[in-house]
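Notes follow the structure.
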Amino acid sequence: MGLSWQQGPLGRNPNGRFLTASPMSERLLFAEPLRRRMSVELGGSIVARSDDAVLLFEPGRYPVAYFPLGDVADGVLQATDHQTKHLDLGETKWFDVVGGQGHVARRGAWQHVDPPPQGAAFRDFVAFAWRAMDAFYEEDERILGHAADPYHRIDIRRSSRQLVVRKGNQLVADTHAPLVLYESGFAPRWYVPGADVVSEALHPVEGQTFCPYKGLASYYDVGDAQKAAWSYRAPFEAMARIGDLVSFEPDKVEITIDGQKLEPVPGQTVIAHGPDRNLSVDEVGGIRLSENESPARVRE
């Protein structure tokens with residue numbers, strides 16, 4: 001997603017390349033001002049709020065927001081004896097974070113206390129562990145999953161190409177009105193209107209995931225292919241166009257577009273990584289679906 005994840009420019013397997021006369025370092029870090037008011041909540045209290053947060057991008061990780069120490073509430077940070085060493089930014093000191101109502105997040109924040117010259121700007125900044133805090137906000141709107149990547153983009157386009165999905169000899173879907181979703185760091189994903197999917201081909205399975213940019217996804221088996229399809233039954237408002245449409249994994253079922261088979265390509269698979277990855281539905285809260293809700297609307 002965006003600059004440093006999946007196939008982004010600073011990712012581990014970038015889709016493109018920098019045109020330079022000499023080889024670039026395998027690890028490139030990038031930092032920039034967030035330029036948005038960001039707040040951190042723990043125990044019902046705001047423990048940090050800043051208009052001057054800085055995003056740090058590292059290869060293969062989500063961006064992390066760092067807050068000036070002066071924008072952290074008094075008494076929130078309690079030093080611990082725990083220290084680690086960051087590969088690029090050196091000695092790292094960890095803090096317990098004290099929130100409202102006596103809530104304490106053990107090792108919930110860290111600071112690079114002796115960074116090299118190129119990272120000196122982080123010396124007086126602290127970052128909060130996403131999983132350890134109750135919530136993060138931009139202005140008054142909650143941000144889910146990780147700090148928002150300003151280089152992440154999603155474009156959804158209509159298409160009149162014929163998309164056909166089969167599992168063996170079984171027809172699963174046939175449409176002339178698919179939507180294709182282009183997302184930073186991912187291969188294109190094709191979505192089929194529910195009316196063009198054969199209902200008995202999809203078998204809902206337990207378990208949901210959420211994307212910080214798209215919403216809450218439910219999954220389906222197709223024959224013996226497990227979780228071969230998914231649908232955003234609870235998309236975020238900006239992603240309403242793909243709500244209840246169904247997308248399929250090209251390595252688990254056969255997908256053809258105008259007769260040409262769609263092959264899996266790099267960027268197709270979601271890569272788990274990073275100390276703060278926590279894309280469980282628990283964080284989504286209010287948009288969790290009831291188990292009794294019907295699956296995506298499909299063709300009979």
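For the numbers below, each heavy atom of this structure counts, side chains included, while hydrogens, waters and symmetry mates do not. No experiment lies behind these values; they were computed from the predicted model shown.
- Taking 4.5 Å as the limit, some side-chain heavy atom of Val72 sits within range of a side-chain heavy atom of Leu77.
- Here Ser247 pairs with Arg189, Tyr191, Trp230 under the side chain to side chain contact (heavy atoms under 4.5 Å, CB included) rule; sequence neighbours left out.
- Ring pair His152/Phe186: centre-to-centre distance not below 6.0 Å.
- Val98 forms part of a hydrophobic cluster together with Val104, judged by ILVMFWY side-chain heavy-atom separations under 4.5 Å.
- Thr256 places none of its side-chain heavy atoms less than 4.5 Å from the side chain of Leu262.
- Residue Gly108 comes nearest to Ala132 through the heavy atom pair CA-CB, 4.1 Å, listed as atom of the first residue, atom of the second, then distance.
- Listed by chain and number, the residues in a ring pair (Phe, Tyr, Trp, His ring centres under 6.0 Å) with Phe122 are Tyr66 (sequence neighbours excluded).
- No path of Ile, Leu, Val, Met, Phe, Trp and Tyr side chains, each step under 4.5 Å between heavy atoms, connects Val113 with Phe125, placing them in separate hydrophobic clusters.
- Side-chain contact between Ser184 and Asp149: absent, with no pair of heavy atoms (C-beta onward) separated by less than 4.5 Å.
- Between the Gln111 side chain and the Arg123 main chain, a donor and an acceptor come within less than 3.5 Å of each other.
- Hydrophobic cluster membership differs between Leu87 and Phe30, with clusters built from Ile, Leu, Val, Met, Phe, Trp and Tyr side chains linked at under 4.5 angstrom.
- For His203, there are no ring pair (Phe, Tyr, Trp, His ring centres under 6.0 Å) partners at least two apart in sequence or on another chain.
- To the nearest 0.5 Å, atoms CD1 (Ile154) and CE (Met239) are separated by 4.5 Å.
- Listed by chain and residue number, nothing satisfies the side chain to side chain donor-acceptor pair (under 3.5 Å) test with Gln226 (two or more places apart in sequence, or in another chain).
- With sequence neighbours excluded, the residues forming a salt bridge (charged side-chain N to carboxylate O under 4.0 Å, His left out) with Asp224 are Lys167, listed by chain and number.
- Rounded to the nearest 0.5 angstrom, Arg36 CZ and Glu141 CD are separated by 10.5 Å.
- Residues Leu171 and Arg166 are in side-chain contact: their nearest non-hydrogen atoms beyond the backbone lie under 4.5 Å apart.
- Asp88 is linked by a salt bridge (charged side-chain N to carboxylate O under 4.0 Å, His left out) to Arg27, counting only residues two or more places apart in sequence or in another chain.
- Side-chain contact check for Asp244 versus Arg233: some heavy-atom pair is nearer than 4.5 Å.
- Atom CG of Asp258 is surrounded by more than 12 heavy atoms from other residues, nucleotides or ligands within 6.0 Å.
- In this structure, the side chain of Thr92 engages the main chain of Gly90 through a donor-acceptor pair within 3.5 Å.
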Start with the C-alpha distance between Leu181 and Lys214, add both sets of side-chain angles, then the distance that settles side-chain contact (heavy atoms from CB on, under 4.5 Å), and finish with yes or no. CA-CA 11 Å; Leu181 184 146; Lys214 296 191 292 293; 4.0 Å; yes
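- The shortest side-chain heavy-atom distance between Tyr151 and Phe57 falls under the 4.5 Å cut-off.
- A 4.5 Å side-chain heavy-atom check between Asp174 and Val164 finds at least one atom pair inside the cut-off.
- Residues satisfying the side chain to side chain contact (heavy atoms under 4.5 Å, CB included) criterion with Lys252, sequence neighbours excluded, are Ala225, Lys227, Ala228, Glu249.
- With sequence neighbours left out, His82 forms a side chain to side chain contact (heavy atoms under 4.5 Å, CB included) with Thr80, Thr84, Trp94, Arg107.
- For the residue pair Cys211 and Phe236, the shortest heavy atom distance occurs at O-CE1, 3.3 Å.
- In terms of heavy-atom proximity, Pro115 sits nearest to Ala120 at CG-CA, 3.9 Å.
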Does the side-chain contact (heavy atoms from CB on, under 4.5 Å) test come out yes or no for Gln78 and Phe95, once each step is laid out? CA-CA 5 Å; Gln78 291 188 346; Phe95 301 88; 5.9 Å; no
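- Here the OH-CE distance, from Tyr137 to Met38, works out to 11.5 Å after rounding to the nearest 0.5 Å.
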Checking Ile242 against Ile156 for the side-chain contact (heavy atoms from CB on, under 4.5 Å) test, could you report, in this order, the C-alpha distance in whole Å, the side-chain angles of both residues, the deciding distance, and whether it holds? CA-CA 8 Å; Ile242 62 169; Ile156 302 172; 3.9 Å; yes
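- Residues Val180 and Arg161 form no side-chain contact, since every pair of their non-hydrogen atoms from C-beta on lies 4.5 Å or further apart.
- Taken to the nearest 0.5 Å, the CZ atom of Arg61 stands 9.5 Å off from the CG atom of Leu56.
- Contacts of Arg106 classified as side chain to side chain donor-acceptor pair (under 3.5 Å), with partners at least two apart in sequence or in another chain: Asp96.
- No more than 12 heavy atoms of other residues, nucleotides or ligands sit less than 6.0 Å from atom CZ of Arg35.
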side-chain contact (heavy atoms from CB on, under 4.5 Å) between Lys85 and Glu91, intermediate numbers included: CA-CA 4 Å; Lys85 190 170 184 178; Glu91 182 181 350; 5.6 Å; no
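- Here the closest heavy-atom approach between residue Pro235 and residue Ala240 is recorded as CG-CA, 4.2 Å.
- Of all the heavy atoms in Leu89 and Gly119, the pair that sits closest is CD2-CA, 4.0 Å.
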Name each donor-acceptor pair under 3.5 Å that joins a side chain in residues 42-53 to protein atoms two or more places apart or in another chain, with its distance.
{"residue": "Arg49", "atom": "NE", "partner": "Ser39", "partner atom": "OG", "Å": "2.8"}
{"residue": "Ser50", "atom": "OG", "partner": "Asp52", "partner atom": "N", "Å": "2.8"}
{"residue": "Ser50", "atom": "OG", "partner": "Asp71", "partner atom": "OD2", "Å": "2.6"}
{"residue": "Asp51", "atom": "OD1", "partner": "Arg37", "partner atom": "NE", "Å": "2.8"}
{"residue": "Asp51", "atom": "OD2", "partner": "Arg37", "partner atom": "NH2", "Å": "3.0"}

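- With sequence neighbours excluded, the residues forming a side chain to side chain contact (heavy atoms under 4.5 Å, CB included) with Pro178 are Ser159, Leu163, Thr175, Trp190, listed by chain and number.
- Ring planes of Phe67 and Phe128: perpendicular class, angle over 60° (limits at 30 and 60°).
- Between Ala147 and Tyr213, the shortest heavy-atom distance links the atoms O-OH, 4.4 Å.
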